[in-house]
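First the structure, in the form of structure tokens, and then the observations on it.
Every value quoted in this text rests on a predicted model; they were computed, and no experiment measured them. Here is the naming used below: chain letters follow the sequence lines, and residue numbers restart at 1 for every chain.
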Amino acid sequence: MQEVSHSYLEELNDTQRKAVTTLDGPVMVIAGPGSGKTRVLTFRIAHIMNSGVAPWQILALTFTNKAAKEMKERIERLVGSGANKIWAGTFHSLFARILRVEAHRIGYPNDFTIYDTDDTKSLIKEIIKGMGLDTKAYNPNAVKSRISSAKSNLITPKAYEANADLMNYDRMNRRPKIFQIYDKYVKKCLRAGAMDFDDLLLQMFKLLYQNPDDIKSKYQSQFQYILVDEFQDTNFLQYEIMKQLVKYDGSKENICIVGDDAQSIYSFRGATIENILQFEADFMNVQTFKLEQNYRSTHHIVEAANGIIGYNKRQIEKKIWTDYIGENKIKVIKALTDSEEGKRVADLIIEQKNRFSLENKEIAILYRTNAQSRVFEEHLRRQNIQYRIYGGLSFYQRKEIKDLIAYLRLTVNPKDDEALKRIVNYPRRGIGKTTIEKLVQFADDNEVSMWQGIPNIELSKRAQNLLAGFAGMIASFRKKNQGGINAYDMALFIARKSGILELLKSDNSIEGLNRVENLNALLDGIKEFVEDDELGDGENPLEKSLSVYLQNIALITDMDEDKGNTDVVTLMSVHAAKGLEYKSVFVVGMEENLFPSFMALSTPNQIDEERRLFYVAITRAKDLLTVTYANSRYHFGQMRFNDPSRFIEELPPENVDSIIPIKAKPEFGEPRVLGGIKPRLKQRNVLPKIDVSGFVVAAPNEIKEGMKVLHMKFGEGKVVSIDERQVASIHFTQLVENAEKRIMLQYAKLQILE
DNA sequence: GGGGGCTATGGGGGG
DNA sequence: CATAGCCCCC
């Protein structure tokens, strides 16, 4: 037996050490900002490994993949080797990895597509339009967030319809049919073999809960130790998954959660502080440790943070303190315009760099909304200060990148309707809007993906040939892809054969050249992925297929990318700054309607969350904190006037320099009031209510011309004709428009009436 | 079916 | 300001 060194324990204070060495049973660590939380987590994992536990038996759920990567590197240095085999990453990426192996057990292909926000939105929009509803009343964003929140709370479409609170809420907001959209959305995703971000959690839960082939015990016994970072930002569903993994007969319940209720800033995506309270109720004998000493910031910053958070009721009792007495108070700067704000921040950065010999990378500008980055960019560039913006439009969201990726997605999973719609006519091959609409309708009627509809839909000869040509190309890509080709060779082949590369190269404008460059950068990235010789769990090189590549990039964010050692000022949203620290921090745009956001003004709970967000913002600073606001700023091309943020007044005066407590009155430019909702409904099919109990599905070959049949969705109809591809034309008596539908017998659920 | 120009309209944070 | 969606023309 090798001698194990525990010398790292000497680097910890008493509470930290207890949090690291208490390995058995449920542990809760409440960790104030700058209290050495990351250190505790890494040391704890190292300690678990030193106690003889294999790295792959440890599940560490972090907030970003970058945090997981850094943690693994630090653990590697502490314990020698093996740290790369720890299951560390975000909920989404780790569950995607598991589902890639297990999805077939719950009705999904293992090669499932991950739908991003744009895919989700466009699908929801398609459904709304398909139902003849108005996209103004049924704002796709609003609908998406209702669906997302339903999924995060384990509410199925059926349960949604049966839930009086949800239905009343939707009725009050004039969106009574959200439950139907939700239902269609779920079905369409399944047909497309696609999971959205919420599904990565929801399907993981289903896998464990439904427990096909006793799969649950496999993961329960694998993950002997579970750690969850930023627990305050997990939602109900994430917590339920954790419980599936940890709570069972004979479990040692070795789970450690680390969080800070004061830094809970993600309730908009379903995170709930209740989880912290619930944890103590769900687990017996939870051992709680509170890390209250702040090692990061000056007393001015810590006291200001305490002062701010004191305005919030209801929090876990704790007192964050520091023995770091700083010289510089918090600076509050008022600017007349947003542009002046940008200039003053840039000037002050120059001044601070000289006076305190700061490097660019020790400085960050934090804002409430990504749209605010522009003025700072402008002025930093003017002053020749290197910077980097995180968040906003990422590389993978550029059009030319998404186009090629859509081809790759379709090659891996041809049922991916969103990918198909995107590129079926790009580059142009004469397949127009009408054809695509018909294909969408046909696929919907037959409850299949568009890809499955292509060989069976009846269109003009021309349209049919064009579609067949496209399908043939994709089929040839698929055939090539199944021959064990790596992702790079495949992607290059597709970029050439699809005509994308050629099309982009024919554009000699600056933007065109840029696009070619971006596409090449994407191909380089794929090459890098292929050549990376990182080892997987079983010491085998990780698989380099297109499918694995797509899974990797679907969950990548700006934050995960290496900044390298470049010396740049960081610009990012406050949300993105969670967990980070800088010597000098500028929190900008501190105005009513912006921070706190106008969306939050009417709800006390949301104001509290904005306040926690401000708390997170200021506690990123180690030495210097500057808070700025502007009397006027451009927003959507309009000049707007805002009062200074209430949070500025909440800063304790003794920790602040040069505060100017003037409440500017708006002179003109009152906020534009959005108009009322004007529903504009066309006469549409109202689908008949069909009693599905006692429904007898007929075999495809039993259906004959002239028969009267019952369809699950469209009700009674008469079979007009059946063609050689087994597509039947059926006239449905209860439909108002497009009563004659073409239905694929292979998939149709029809009952013979007479 | 495709392209170009014009208008109306969003309104946050992110995996 | 940015862009989706519409209208009109080829």
List in chain and number order the residues that pass salt bridge (Lys or Arg N to Asp or Glu O under 4.0 Å) with [X], two or more places apart in sequence or in another chain; answer none if no residue qualifies.
X: A:Arg428; answer: none
X: A:Arg146; answer: A:Asp170
X: A:Glu230; answer: A:Lys37, A:Lys578
X: A:Lys243; answer: A:Glu240, A:Asp282

Taking 4.0 Å as the cut-off, does a side-chain nitrogen or oxygen of A:Arg374 come that near to OP1 or OP2 on C:dA2? yes
Can you give me the N/O atom pairs linking the protein to nucleotides 2-6 of chain B at distances under 3.5 Å, or say none if there are none?
unit_1	atom_1	unit_2	atom_2	d
B:dG2	OP1	A:Gly430	N	3.0
B:dG2	OP2	A:Asn425	ND2	3.2
B:dG3	OP1	A:Arg428	NE	3.3
B:dG3	OP1	A:Arg428	NH1	2.2
B:dG3	OP2	A:Arg428	NE	2.0
B:dG3	OP2	A:Arg428	NH1	2.8
B:dG3	OP2	A:Arg428	NH2	2.4

Name all pairs fulfilling the side-chain hydrogen bond (donor to acceptor under 3.5 Å, both in side chains) condition that reach into residues 194-206 of chain A, sequence neighbours left out, sorted by first residue then second. A:Ser148-A:Asp198, A:Lys151-A:Asp196, A:Lys151-A:Asp199, A:Tyr185-A:Asp196, A:Asp199-A:Gln203
For DNA chain B, what string of dots and brackets results from 5' to 3' when Watson-Crick and G-U pairs need both distances under 3.5 Å, crossing pairs get [ ], and pairs with another strand get |? ||||||||||.....
Looking at residues at least two apart in the chain, or sitting in another chain, which of them share a side-chain hydrogen bond (donor to acceptor under 3.5 Å, both in side chains) with A:Tyr426? none
A:Arg368: what forms a side-chain hydrogen bond (donor to acceptor under 3.5 Å, both in side chains) with it, not counting sequence neighbours? A:Glu610
Using a cutoff of under 3.5 Å, can you pull out all pairs of nitrogen or oxygen atoms linking the protein to nucleotides 4-8 of chain C, with atom names and distances?
unit_1	atom_1	unit_2	atom_2	d
C:dA4	O3'	A:Lys125	NZ	3.4
C:dG5	OP1	A:Lys125	NZ	2.1

Inter- and intrachain pairs under salt bridge (Lys or Arg N to Asp or Glu O under 4.0 Å), touching residues 264-274 of chain A, at least two apart: A:Glu274-A:Arg314
Give the residues of residues 196-204 of chain A touching DNA chain B, defined as any heavy atom closer than 4.0 Å, sorted by residue number. A:Phe197, A:Asp198
